[in-house]
There are 2 protein chains.
Amino acid sequence: MPEDDLCVTRVPIFQGLTRQEQLRVADFARPVLAEKGEIVYAPGQPVSRLLVMHSGQLKVSHAAANGQEQILRTVTDGDVVGERAFLTGHRPNDLAVALEESRMCVFDHADLAVLLRDYPDISQRMLRTLSDRLSSVERLLAAITSSDVNARVAAYLLDLPGTMRDGAATVRLPMAKQEIAAYLGTTPETLSRRLAALSASGLIELHGRREVTILDIDALEHVATPR
Amino acid sequence: MPEDDLCVTRVPIFQGLTRQEQLRVADFARPVLAEKGEIVYAPGQPVSRLLVMHSGQLKVSHAAANGQEQILRTVTDGDVVGERAFLTGHRPNDLAVALEESRMCVFDHADLAVLLRDYPDISQRMLRTLSDRLSSVERLLAAITSSDVNARVAAYLLDLPGTMRDGAATVRLPMAKQEIAAYLGTTPETLSRRLAALSASGLIELHGRREVTILDIDALEHVATPR
DNA sequence: CGAACTCCTTGACATAGATCAAGTTCGCGG
DNA sequence: CCGCGAACTTGATCTATGTCAAGGAGTTCG
């Protein structure tokens, strides 16, 4: 079944395996579909499956007591979600919601344990993945506590994959502005104001709700670097 | 050599091994001493050793461009530092400094690779450790973005291991207040004011620079919970 | 035991950004 | 192609917290 197959071949943590082995892994995977807005897992809910993204996009967020949500990361093709439950046996303290219709492959914890035992390479790659995620949250934390929203917005725009067109790059926002605000640790209002300000000073140009043209990359980079 | 031995037996990631195996692991370890204030590793510096804490305490922080430091975690007995360099080959983007005289055991990356290959259990436990650290940074991030300093201070005090004495708990601050401020994502001034305020409203009592008596746990818990 | 240094506290002030409250616009479904 | 609802913008206001600047207290070391 080509669906399952893709799940396995695309994912970094299964990358070290031979074709043979990948096929065996694929045997354990089951495809799952999540509609836009569907909750993939919720805090406190027992989870017994590990998810591998195939297409679409999830947001993983930490919902605070007062209703403020902090988006921790967005999950796309090839990313793995829910490994904490598998590794530690704890229930999640975060929330995963599909931002759009998403396909993923699901591994039961029991099956996964077998795979890990048989193919140590997988743990090895999982370690690397986790380590990368750790650094990326740490970077986010440092960015949020030490720079102002303006700088964070600029840095965020510059990080987005952009398509060049005669000197100016155009980027497509991967989420609604509210979500971006939640990721940058601010509010939609503030984000809106900052973007308006950047636009007013001619650094960027807004087109519709999802497109941003970066007119002056150098200046934007300057904004992104505090002090 | 009993020193090395302790390094190995105390550390969670080597916990699954038999005594025999632990002895073999201990063979690879070399003891190292860091004076108070000594830099254990710095951003950008190539690191080829993994450290296991034996006694003392380090702080690991992300120094931002503008001089603001965000303390990511403190590292004590049994904790592992510098695994990112080992796992990904990248240079650190964080800074580790000894808060007090510290003893640790050091493993060369090459030796460690051998150990991981021979004892898959170690990777397993490392995965769990990393996963825990990931959650804890995520919690910190959520706390910093969604609650005010007052709540963070209260929560921090409540998290500290305290010794009960006739209804009131006394906690000993593990670091200087400046460090605590850096951990909570605020400034020493603000921390000082908040502690003074908590003291003024009779929730806590300050003794010297390092001792805090919690007079009203319930009230403090209430402060720690926003909404 | 006291000097000296570091760490901490307090005060006055400035301000970024949150919040509340309306509008306004976009883009989707019919 | 149109209308509706969600998403966004804009404005006004408020306040928590950062910043700068002294002064005071605690340790530590000679």
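Only heavy atoms go into these numbers, but all of them, side chains included; no hydrogens, no water, no symmetry mates. All chains are named by letter (A, B, ...) in the order of the sequence lines, taking the proteins before the strands, and each is independently numbered beginning at 1. From a predicted model like this one, the values you see are computed outputs, not experimental measurements.
Checking D/dG18, D/dT17, C/dC8 against every side-chain atom of B/A176, the shortest atom distance belongs to C/dC8. The listed nucleotides are D/dA16, C/dG17, C/dT19; the one nearest the side chain of A/D148 is C/dG17. Among the nucleotides D/dC8, C/dT19, C/dC8, the one closest to the side chain of A/Q178 is D/dC8. Listed candidates were C/dT9, D/dT17, C/dG27. Nearest to the side chain of A/R209 is C/dG27.
The residue A/R194 sits close only to the backbone: its heavy atoms come under 4.0 Å of sugar-phosphate atoms, none of a base.
Distances shorter than 4.0 Å separate some side-chain N or O of A/T190 from OP1 or OP2 on C/dA18. A close approach under 4.0 Å does not occur between any side-chain nitrogen or oxygen of B/T187 and OP1 or OP2 of D/dT17. Remark: B/S192 is not in phosphate contact with C/dC8, judged by side-chain N or O atoms under 4.0 Å from OP1 or OP2.
One can place CG of B/L184 at 14 Å from C1' of D/dT17, the figure rounded to the nearest angstrom. For A/K177 and D/dA6, the NZ to P distance is 18 Å, given to the nearest whole Å. Atom-to-atom, CG of B/L206 to P of D/dA25 comes out at 15 Å; the value is rounded to the nearest Å. Rounded to whole Å, atom P of D/dG18 lies 14 Å from atom CD of B/E69. Across the protein-nucleic acid pair, A/R172 atom CZ and C/dG27 atom C1' stand 12 Å apart, rounded to whole Å. Going from atom CG of B/L198 over to atom P of C/dT9 covers 12 Å, rounded to whole Å. When the P atom of D/dG26 is taken as reference, atom CG of B/L173 falls 15 Å away, rounded to whole Å. If you take CG of A/N150 and C1' of C/dA18, they are 16 Å apart, rounded to a whole angstrom.
Between the A/S131 side chain and the B/L87 main chain, no donor and acceptor come within less than 3.5 Å of each other. Under a 3.5 Å cut-off, the side chain of B/Q57 and the backbone N or O of B/P174 do form a donor-acceptor pair.
In this structure, A/H207 and B/R210 both approach DNA chain C, and ranking their closest nucleotides by distance from the 5' end singles out B/R210.
Counting atom types as modelled, A/R193 pairs a side-chain N or O with a base atom of D/dG11 as donor and acceptor under 3.5 Å. At a cut-off of 3.5 angstrom, counting only N and O atoms as typed in the model, there is a donor on one side and an acceptor on the other between the side-chain of A/E189 and the base of C/dC20.
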How far apart are the C-alpha atoms of B/R133 and B/E83, what are their side-chain angles, what is the distance that settles it, and do they pass the salt bridge (Lys or Arg N to Asp or Glu O under 4.0 Å) test? CA-CA 12 Å; B/R133 274 183 42 203; B/E83 75 299 325; 3.1 Å; yes
A/E211 and A/R172: CA distance, side-chain angles, deciding distance, salt bridge (Lys or Arg N to Asp or Glu O under 4.0 Å) verdict: CA-CA 5 Å; A/E211 295 255 308; A/R172 181 159 195 81; 3.0 Å; yes
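To the nearest 0.5 Å, atoms CG (A/D77) and NE2 (A/H54) are separated by 7.5 Å. Once rounded to the nearest 0.5 Å, the distance linking OH of B/Y183 with OH of B/Y156 reads 7.5 Å.
The environment of CD1 in B/I39 is sparse: at most 12 heavy-atom neighbours from other residues, nucleotides or ligands sit within 6.0 Å.
Relative to the axis of its first five pairs, the axis of the last five pairs of the helix from C/dT9-D/dA22 to C/dG30-D/dC1 sits at 50°, rounded to 10 degrees.
Residues B/R209 and B/K177 share a closest heavy-atom pair of O-NZ, 3.6 Å.
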